[in-house]
Asker: 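After the structure tokens below, expect a handful of questions from me.
Lettering follows sequence order; numbering is per chain, from 1.
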Amino acid sequence: MTNPVFALVDCNNFYASCEKLFRPDLADKPVVVLSNNDGCIIARSKEAKKLGIKMGLPVFQVRDLLQKHQIVAFSSNYALYADMSQRVMSTLESLAPRVEVYSIDEAFLDLTGVACSQGLTEFGLEVRRTVQKHIGIAVCVGIAPSKTLAKLANHAAKTWPKTGGVVDLTRKERQRKLLSLLPVGEVWGIGGKLTKRLEQLGITTALQLADADPKFIRQHFSVVVERTVRELNGESCIALEDVAPTKKQIISSRAFGERITDKQQMREAISEYISRACKKLRQEQQQAKHLTVFLRTSPFSDKDAPYSASKSLELDSPSSDTRVFLANAMRLLDSLWVNGYRYAKAGVMLADFYDPGMYQPGLFDEPLVVKESDQKLMQLMDTLNNKHGKTLWFASQGSEQEWGMKREMLSPAYTTNWQELPVAK
DNA sequence: TCTGGGGTCCTAGGACCC
DNA sequence: TCTGGGGTCCTAGGACCC
């Protein structure tokens, strides 16, 4: 059996790069992209990073810095990023036999047994050149015998420009050299909490974690961390998943642009989330039996009284009909709603999924009746809304949506809306 | 005044069963 | 007086990821 070889391809500063692509005037200017509601910084161009703009900071805390350095800020434009992502991924699929799309800006490639006459590094460079040429987005490539090492190789490629954006970590000595240079918190799967606990045990570098006894790690932590130790030693424990597993839950939630104090507005918001979630559910070709509704005040405010609550229910049988979930969500909301709070966020969650027609009703349950007309109605709605934007919706979603999110610095839908195509002058 | 959204997996502990 | 032990299932909460 040949040893596995993985490549991790990761787009550089993806959201910021997408925005720059359509604004050549900003080519070497600092750019940041903001979260929903223009709340925090979620992406930074390399110029913005250099100016000390940190990831995840609330915008109001860095407003002065943004202004001082004339940093250009964009509201997040997920329609644009998703479209660009798809283009990058299909380019990658043309270059490698098996591709796992891991996130909007990253993919693992399976290079096991790939005949590389020119060598793995040259293959990585070829990936870089092709994506740059076809899409105009810069990527870095990390190559290694396990996914966790490929992640680290990619990190190295990003951190040290001298690498030319490609790091091949198939050789053991190179692995150990890199591991010794990196703090343990850089390792995929080791977050803030684990970093602290590991440091207390004297494990501060990635190499020290790699050299730890897996049994000891299993006792003090979990199987997950044990697996990470093995992966760091080049033993592949996490397989490539080139077919996306079916989802186990679908969440739709959002912080409001303005605090909600009015129940009618909350009904609109919950209706909106339900219809988004159900649409996703139908896209997945699934039906759900479990519904949760939650709402909360801001956890950051010390002036507002805190309130956070959620309630769930099970449907008698799985469904993907928006109307069924709307009615039930309104019932849940009635039992959750308390007057007098300033609500900051709410959401819904669907879970317990079934393939249509695969649900086994209980012995004494009513037999299932699925009306074809109901399914047709939902299909029609999805088709219309996909084609022409949001044209058909339920009255309960409201038409004004005053609580909707702030996106004051939104870029145009360059690639997904004919009206907003860029114009060459 | 202003702090994202959407996922996954694992563990501990309680309920329940024999 | 003395009140088992082991297994399974479910859920809530915690940790991680991008």
Side-chain angles (χ1 to χ4, degrees), chain A residues 8-11 13-15 32-43 54-64 66 73-78 81-82 85 100-108 147-148 151 154-155 184-198 217-228 237-238 241 244-259 273 276-277 280-281 284 290 292 294 296-304 308 310-312 314 342 344-353 404-409:
Chain A
L8 177 67
V9 182
D10 192 322
C11 301
N13 322 317
F14 184 55
Y15 297 170
V32 295
V33 177
L34 313 181
S35 67
N36 283 332
N37 277 317
D38 298 340
C40 3
I41 310 276
I42 56 166
K54 295 272 179 288
M55 184 71 174
L57 282 183
V59 172
F60 71 91
Q61 282 177 17
V62 288
R63 191 148 277 154
D64 291 346
L66 295 182
F74 289 95
S75 301
S76 39
N77 185 343
Y78 285 102
Y81 313 147
S85 170
E100 172 188 343
V101 177
Y102 176 67
S103 76
I104 194 161
D105 70 335
E106 286 171 79
F108 287 103
K147 281 182 165 182
T148 305
K151 272 270 189 188
N154 188 285
H155 175 78
V184 70
E186 283 300 335
V187 176
W188 191 36
I190 307 299
K193 297 279 161 66
L194 285 173
T195 301
K196 240 188 201 146
R197 285 173 55 200
L198 285 164
I217 293 294
R218 173 73 183 90
Q219 274 163 15
H220 282 77
F221 301 93
S222 67
V223 288
V224 185
V225 186
E226 182 193 358
R227 203 171 55 193
T228 300
C237 308
I238 309 172
E241 291 177 18
T246 43
K247 284 199 190 352
K248 297 184 173 164
Q249 57 177 30
I250 289 173
I251 298 175
S252 176
S253 80
R254 207 127 304 184
F256 309 122
E258 313 267 337
R259 299 282 186 263
Y273 304 152
R276 285 186 206 183
K280 265 194 236 173
L281 183 64
E284 292 277 312
H290 183 100
T292 302
F294 65 90
R296 63 163 171 75
T297 55
S298 169
F300 304 104
S301 169
D302 34 41
K303 273 189 301 184
D304 286 340
S308 170
S310 77
K311 277 208 167 132
S312 309
E314 302 289 329
R342 296 175 69 236
K345 182 176 180 176
V348 305
M349 193 177 107
L350 310 180
D352 198 7
F353 292 167
M405 59 175 173
K406 273 188 242 160
R407 295 168 95 188
E408 286 168 357
M409 291 155 278

Asker: Is there a donor-acceptor pair under 3.5 Å between the side chain of A:R254 and the backbone N or O of A:Y273?
Answerer: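 Pair absent, no side-chain N/O of A:R254 close to backbone of A:Y273.
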Asker: Between protein and nucleotides 11-18 of chain C, map the contacts as a letter string: B base, S sugar-phosphate only, - none, heavy atoms under 4.0 Å, written 5' to 3'.
Answerer: ----SSSS
Asker: With a 6.0 Å cut-off (strictly less than), is the heavy-atom count around CD of A:E314, excluding the residue itself, greater than 12?
Answerer: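 Yes.
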Asker: Anything under 30° is parallel, anything over 60° is perpendicular, the rest tilted; go ahead and classify A:Y81 against A:Y15.
Answerer: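 A:Y81 vs A:Y15 ring planes: parallel.
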Asker: Need the bend value for the helix from B:dG5-C:dC18 to B:dC18-C:dG5: angle between end axes, 5 pairs each end, nearest 10°.
Answerer: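 The two end axes of the helix from B:dG5-C:dC18 to B:dC18-C:dG5 meet at 10°.
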Asker: Would a distance-only check, ignoring hydrogens and angles, find a side-chain to backbone donor-acceptor pair under 3.5 Å from A:S252 to A:V348?
Answerer: no
Asker: Sub-3.5 Å donor-acceptor pair from the side chain of A:N154 to the main-chain atoms of A:L8, do we have one?
Answerer: yes
Asker: Can any side-chain N or O of A:Q249 pair as donor or acceptor with the backbone N or O of A:A351 at less than 3.5 Å?
Answerer: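 Looks like no, no N/O pair under 3.5 Å.
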Asker: One character per nucleotide, please: for nucleotides 3-9 of chain B, 5' to 3', B when the base has a protein heavy atom closer than 4.0 Å, S when only the sugar-phosphate does, - otherwise.
Answerer: BBSSSBS
Asker: Taking A:R296's backbone N and O only, do any of them form a donor-acceptor pair with A:S308's side chain (distance below 3.5 Å, no angle check)?
Answerer: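 No, because the side chain of A:S308 does not come within donor-acceptor range (under 3.5 Å) of the backbone of A:R296.
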Asker: How far, in whole Å, is C:dC18 from B:dC2 if one measures between their P atoms?
Answerer: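 It comes out at 30 Å once rounded to the nearest Å.
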Asker: Short question: side chain of A:S76, backbone of A:L34 - any donor-acceptor pair under 3.5 Å?
Answerer: yes
Asker: Any donor-acceptor pair under 3.5 Å linking the side chain of A:S312 with the backbone of A:T292?
Answerer: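 Judged by distance alone, no pair lies under 3.5 Å.
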Asker: Just by distance, do the side chain of A:N37 and the backbone of A:K406 share a donor-acceptor pair under 3.5 Å?
Answerer: yes
